[in-house]
Amino acid sequence: MTEYIIETTDLRKTYPGNIMAVKGIHLQIKQGEIFGFLGPNGAGKTTTIKMLSTSITPTSGFATVMGYDIVKDSMQVRRNIGVVPQDLTTDEDLKAVENLRMVARFYDLPKGPSNRKIDELLALVDLADVGDHYVRTFSGGMRKRLELIMGLVNEPKVLFLDEPTLGLDVQTRAKMWDYIKRIRSELGVTIILTTHYLEEADELSDRICIIDHGNIITIGTSAELKASLKGDTIIVETKNEESLKQISGFTESVEEPTVNGREIRLTVKNADSDLPLLMDFMIKNGITPMKMSVQKPSLDQVFLKLTGNEIREESGETAFKQAINMRRLRK
Ligand SMILES: Nc1ncnc2c1ncn2[C@@H]1O[C@H](COP(=O)(O)OP(=O)(O)OP(=O)(O)O)[C@@H](O)[C@H]1O
Ligand SMILES: [Mg+2]
């Protein structure tokens, strides 16, 4: 086995109709990592997860999970992984434990140890008290927690989570983050997750892979990605455009000043020290600001800079998918 728990070389998937969903990705994921795939709708996240978890075969390229070839050794791969798909899989006409026992039977696990494991998993996500309740009585958040542990019954070394918090409200999402962290720290599982929530990738992932239109745009820690922005942005709006020109040269460290109407955006190394200098400069030159603000680097800006687009999180399509998902959760 290589030093990486997952490794891919030029992995591609083209669907019928020449839809190039994944266009040749190279990845090296370390044991014990939470690795986040961040990208908008249609970026190729689910397709990548489906290939790595052997539910679809790649069109070309090569990948291993724990050293096993995802095509030739697919059985060994399956035995060592857990998958929580984007769509809900639990049966609402069964009790929570019954759903989990079905997974145990699917893997042909011995009853005694697997029942103990199921109890342990229910406790891990605070569902121990409702294990014998029907899933249809669960709230959306409870159901997602159950979905989460469905992927852990066979004690996998690697867990794939496809959009684990899609459609959940902000508070419930934050709770899910705690459970996901707990799975890594208490069970030592390597986690590959997909999300189109920037703050989710930021909060959970040791490393983030930004993917768009089937290509990897960048991979790094959240701090590394933000550092690539080369600093903070100071935004100033003035009464007239003339004064913007003066402002753009207030210190030599300003990079890439961009003017938009009566607003100027200045990239500086550190706004904490440069902002007072700018204020002095403006007072000395009699320039009155209408508005001033500072933006610290965020994943939003990284995404915007690298792809030229917002993450399209609020697109109609996403809102529609979320509504459908919420309805399924509530049903
Ligand atoms: N079974 C399929 N047949 C044909 N095209 C597909 C199929 N599944 C996905 N696609 C297309 O492949 C591209 C990548 O889809 P994929 O589901 O991997 O994206 P994603 O990043 O998971 O998006 P989302 O955030 O919406 O879940 C999209 O253009 C999608 O329409
Ligand atoms: Mg998807």
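Note that the numbering runs from 1 along the sequence shown for the chain. All ligand and atom numbering here is 1-based and tracks the order in the structure.
Close contacts between ligand 1 and E163 involve ligand atoms 24 (P), 25 (O), 27 (O) [criterion: under 4.0 Å to a heavy atom]. Less than 4.0 angstrom separates some heavy atom of Q86 from each of these atoms of ligand 1: 27 (O). Listed by number with element, the atoms of ligand 1 under 4.0 angstrom from any heavy atom of G44 are 14 (C), 18 (O), 19 (O), 20 (P), 21 (O). Near A43, meaning under 4.0 Å from any of its heavy atoms, are these atoms of ligand 1: 19 (O), 20 (P), 21 (O). Listed by atom number, the atoms of ligand 1 under 4.0 Å from A21 heavy atoms are 12 (O), 13 (C), 14 (C).
Ligand 1 has no nitrogen or oxygen under 3.5 angstrom from a nitrogen or oxygen of P16. Considering backbone and side-chain atoms alike, G39 places every N or O at 3.5 Å or more from each N or O of ligand 1.
Once rounded to the nearest 0.5 Å, the distance linking CD1 of I5 with CD1 of I29 reads 9.5 Å. Atom CG of D206 and atom NZ of K30 lie 8.5 Å apart (nearest 0.5 Å). Rounded to the nearest 0.5 Å, atoms CG (L94) and CG (L100) are 10.5 Å apart. To the nearest 0.5 angstrom, F303 atom CZ is 7.5 Å from L198 atom CG.
A salt bridge does not link R207 to E224: none of the charged side-chain nitrogens sits closer than 4.0 Å to a carboxylate oxygen. Using a cut-off of 4.0 Å between Lys/Arg side-chain N and Asp/Glu carboxylate O, D272 and K296 are scored as salt-bridged.
In summary, an N, O or S atom of T46 is located under 2.8 Å from the Mg ion (ligand 2). Distance check for T194 against the Mg ion (ligand 2): none of its N/O/S atoms falls below 2.8 Å.
Only the side chain of I19 comes within 4.0 Å of ligand 1, counting heavy atoms alone; its backbone N, CA, C and O stay farther away.
Residue nearest to atom 17 (O) of ligand 1, selected from D212, T46, N41: T46 (by heavy-atom distance). The closest non-hydrogen atom to atom 25 (O) of ligand 1, taken over K13, M20, H213, K45, comes from K45.
N41 has its side chain within reach of H196: a pair of non-hydrogen atoms, C-beta onward, lies under 4.5 Å apart. In this structure, the side chains of T8 and M51 stay at 4.5 Å or more apart for every pair of heavy atoms.
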